[in-house]
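Starting from 1, each residue takes its place in the sequence as its number.
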Amino acid sequence: MVNLVAAMMPPLHGLVKMAGISPHAVEIEPGTVMNIWAPKKNRMRNGKVGTHVKRAIVLVHGFAGNGIITWPFQVWSLRKKYAVYVPDLLFFGGSSTARPERSPVLQAECLAKALRKLGVERCTVVGFSYGGIVAFKMAELHPEMVEAVVASGSETELSESFSRDMLSRLRFSSLSEMLLPESVEGCKALLRIGMHKKLSFPNRLYKDFLQVMFVHTKERAELLEGLIVLDKDTKIPKLSQKIHLLWGEEDQIFKQELAQHMRDEK
């Protein structure tokens with residue numbers, strides 16, 4: 001029987017290719033490859049291939065999907081004004097590493113190196129959920145590269161106490177149970193807390209989604225472990241860039257009060 005989610009991916013890839021971006025497997029170092037959907041380089045007046053004239057914008061996905069399944073509509077909306085880059089973070093999509101680290105620092109460092117290899121010198125980074133944490137870390141580590149951050153439903157760091165309180169409120173025992181479902185019911189539970197509109201799909205579609213999207217589960221569980229920061233080590237970095245926070249009133253994971261606190265601390 002055909003996996004419906006797998007069958008959906010080629011048309012989706014074709015759609016974003018029509019928007020002018022295509023996948024690039026960027027080798028950062030031996031054993032580490034990051035897949036990034038990137039625009040073609042513009043040709044300058046002298047006929048040579050140059051860097052993009054448009055300002056670069058980088059769309060970083062969350063934990064429940066890869067780059068293209070998260071951002072296809074934004075790619076089409078932004079393509080005329082910006083040079084749009086859509087990465088797959090390590091252990092998502094076509095990206096992987098043989099390195100043992102599993103931290104947002106590693107994700108941010110690899111993303112910065114991959115973008116530089118593609119000719120990006122300055123960019124705005126847009127991050128959703130887990131992608132927002134990576135975006136903040138990239139801005140902290142590479143201020144010369146990141147000129148602005150747009151974060152939605154995210155944090156600068158995931159503290160031990162915040163994680164504990166959030167899991168208790170949402171009735172999950174661990175981040176892995178919440179974000180790495182192994183069953184149809186687990187997938188439905190993730191969808192219920194992750195979306196404002198209550199949508200219902202046939203069980204077969206949930207099964208197909210689990211088979212296609214939830215791979216590298218061991219490595220992703222390690223990524224979740226690497227997210228937690230001890231309360232005594234938690235800090236909100238003093239960033240020099242413009243920071244834009246986009247929040248939904250019904251966000252069940254990252255409440256609006258968190259965005260207010262981040263704004264006040266900034």
Under 3.5 Å side-chain donor-acceptor pair for [X] and [Y]:
| X | Y | answer |
| --- | --- | --- |
| N3 | K207 | no |
| N35 | S95 | no |
| Q107 | Y130 | yes |

Is there a side-chain contact between [X] and [Y] (heavy atoms, below 4.5 Å)?
| X | Y | answer |
| --- | --- | --- |
| V125 | L59 | no |
| T32 | C110 | yes |
| M166 | L175 | yes |

So F209 and F214, would you call those rings parallel, tilted or perpendicular, with 30° and 60° as cut-offs?
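Plane angle over 60°, so perpendicular.
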Do [X] side-chain atoms and [Y] backbone N/O form a donor-acceptor pair below 3.5 Å?
| X | Y | result |
| --- | --- | --- |
| T70 | N66 | yes |
| Q241 | V146 | yes |
| R220 | F91 | yes |

Determine whether the aromatic ring centres of residues F92 and H61 are separated by less than 6.0 angstrom.
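Yes.
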Which ring pair (Phe, Tyr, Trp, His ring centres under 6.0 Å) pairs, counting each pair once, include a residue from residues 136-193, with sequence neighbours left out?
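Output for this query lists F162-F254.
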Looking at E144, I want to see if its CD is surrounded by more than 12 non-hydrogen atoms of other residues, nucleotides or ligands under 6.0 Å.
yes
